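Every chain is numbered from 1 and lettered A, B, ... according to where its sequence line falls, protein lines coming before strand lines. FYI, side chains are in, hydrogens and waters are out, and symmetry mates aren't considered; it's all heavy atoms of this structure. Owing to the predicted nature of the structure, the values given are computational and were not obtained by experimental measurement.
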Amino acid sequence: MIAVVFVISHIIPADPVALVAGETATQEQIEALRAKLGFDKPLHVQLFNYYANLLRGDLGVSLYTARPITQDLATRLPATIELTLAAMLLSIVVGIPLGVLSAVHRNSVFDHSLRIVTVSGLAIASFWLGIMLQLLFSMKLGWTPLNGRIDGFPPRGGTGLFLVDTLVAGNFKGFWNALEHLALPTITLAFPALATVVRFTRAGVLDVIQSAFVQYERAMGLPSGVIVWKYILRNALISTVTQIGLLFGILLAGTVVIETVFDWPGIGNYAFGSILQSDYNAIMGFTVWAGVMFILVNLLVDILHSLIDPRETRS
Amino acid sequence: MSTALFLLRKLMQDRSAFLGFLLILGLVLCAIFAPYLAPFPDDVWDLHPTNRLMPPGGEHYLGTDRMGSDIYSRLLFGARITIVIGVVAVGVSLLIGVPIGLLAGYYHNWFSDLLMRVSDIFLAVPQIVLAIAIAQTLGPSLNNVILALSLTYWPWFTRLVYAETRSLLNEIFIESAIALGASPFRVIVFHILPNVASPIIVRTSIGMGFTILTAATLGFLGLGAQPPAPEWGRMISESREFLPDAWWYALAPGMAIFVVVMGFNLLGDGLRDILDPKIRRSSHAKP
């Protein structure tokens, strides 16, 4: 994966060295800079060097900020993690109950109106949704801030997640302020993911609801609440959990655009900026990060699977 | 022809799929007859600084933009750009993705493994990131956006066709065709391809919606058609500096994108129900 993105980003005709050196640089200065950055070597040597550095945890230096990529990513990472986790939490906590309810009350008015929401969730342009929410809640009603993460200085604290840092410090005013900033980007990011969660939970519950063991439990006279929320949900969640892994891909792609709309100082915003400046090392850094997150989330999904479905561990 | 009629009749019976069909038909008609439908057909290029940012109503149904051009007229002409992007990008993806999927599925060797690994890599990186990178390096223009979308969407077709082909190879009718001495070309084109056509059609419809959405995002980020082209995503990004006063400026293009993508998604869902009764509507994955 790294090799392919590396080759794609290097064979394209843009010349970042000339851009960095500036318009007034002479040809010799450009060549000297090129040699210093290692861009004069053949492509396979560059790729080998990149791998060697990667193994030491070194992602290279940004051509623009002149700081190590790892440092650039580390300062922006908490913002993206906070946003992505909040969106994932929102789509799961709201999506699963809605999916169950719409399956249980199948073909009711509730089910039909929810379907309109889920169908539009996959059809709406997220940047437009973000702008519309800004227009309504920030500009017209003035309920939420327009963009950014917090007013004033960022809170001190180890995690960089403003919600956690302010809460640990007992700074409830700061916590509320950070939450207000987080609300609109989270809703925007979560909307398509929410639609997916609702659809899969509904389909999963409908599959299970007709199975023999549910009929048996009904015949045993178990309260229907217990049947639905304990036994059916547990069996229906298996396919939803698989989807959560894929969901992460949607959220990751969403951060690039949504962080740009809301001026959210995260990795997605950084990736878009680096692409505009043909900052190879930064683009590669984002790709490595995306790949690592993808693997981690899939590992987590596998673990969750075996927790929900003990049959998996036995086989 | 009879298959097409059969499809159409089935579509009429499914209310939401038919709605999708009507929405897309509407888009196509708007694009074809834009010069006749638009009240100000010259406003794609003309400027009327005295009419800047007029609210909807009167002779400007959807208001005017920062150049004083009629937004409704520009939206109608933007439908042409949207259709071109969708049709060309998905068409090229089909031309790349389907043959690779067929070949990789039919021949099981190191080369087909390599092809599938490459398509896996494309699927692992978020499409929008790859598309932004390609569109940016080639330079912002409509053609480059189409190229970027084609280069990043084909793996979806490859994966789909590959999986279908592999499972078809176990079918008796394919085995007997091979046993009768049919050439690989004959088996692939006359026996496998017709049987993978249904999922390809469904994916094409959903892919159109997805591609139009991604193209609008690229346009919004400034990588698409350059002004004064009435590209919907770009119109939204232009409108941002005039918010909150000129709310209609941002609202109209976004609604247009929403309605069109919705149309393709509904049609894709409906086609899936008709062509592939094994899979139920609710258990469908993304793009």
Item checked: Lys/Arg-Asp/Glu bridge criterion (N-O < 4.0 Å) met for B:D269, A:R199 -> yes
Of all the heavy-atom pairs spanning [X] and [Y], show the shortest one and how long it is.
X	Y	result
B:L213	A:A123	CD1-O, 3.6 Å
A:F127	B:I257	CZ-CD1, 4.5 Å
B:N265	A:L122	ND2-O, 3.5 Å

Margin query: To the closest 0.5 Å, what do you measure between CH2 (B:W247) and CE (A:M132)?
Written below: 9.5 Å
Next item on the list: Start with the C-alpha distance between A:V261 and B:F220, add both sets of side-chain angles, then the distance that settles side-chain contact (heavy atoms from CB on, under 4.5 Å), and finish with yes or no.
Entry: CA-CA 10 Å; A:V261 171; B:F220 171 73; 3.7 Å; yes
Note to self: Please determine whether the number of non-hydrogen atoms from other residues, nucleotides or ligands lying under 6.0 Å from atom CZ of A:F110 exceeds 12.
What the structure shows: yes
Margin query: Surrounding CZ of B:R159 (heavy atoms of other residues, nucleotides or ligands, distance under 6.0 Å), is the total greater than 12?
Written below: no
Next item on the list: Measure A:V119 against the heavy atoms of chain B and call it side chain, backbone, both or neither at under 4.5 Å.
Entry: both
Checklist line | Which atoms of A:A271 approach chain B - backbone, side chain, both or neither, heavy atom under 4.5 Å | finding: neither
Note to self: I'd like to know which of B:M255, B:Q127, B:R117 tops the heavy-atom pair count under 4.5 Å against chain A.
What the structure shows: B:M255
Checklist line | Heavy-atom pairs under 4.5 Å with chain A, option from B:S237, B:G222, B:G254 with the top count | finding: B:G254
Next item on the list: Without swapping roles, check the side chain of A:W128 against the backbone of B:F258 for a donor-acceptor pair under 3.5 Å.
Entry: no
Check: What part of B:I128 gets closer than 4.5 Å to chain A, counting heavy atoms only: side chain, backbone, both or neither?
Finding: side chain
Checklist line | Engaged part of B:L223 at the chain A interface, taking heavy atoms whose separation is under 4.5 Å | finding: side chain
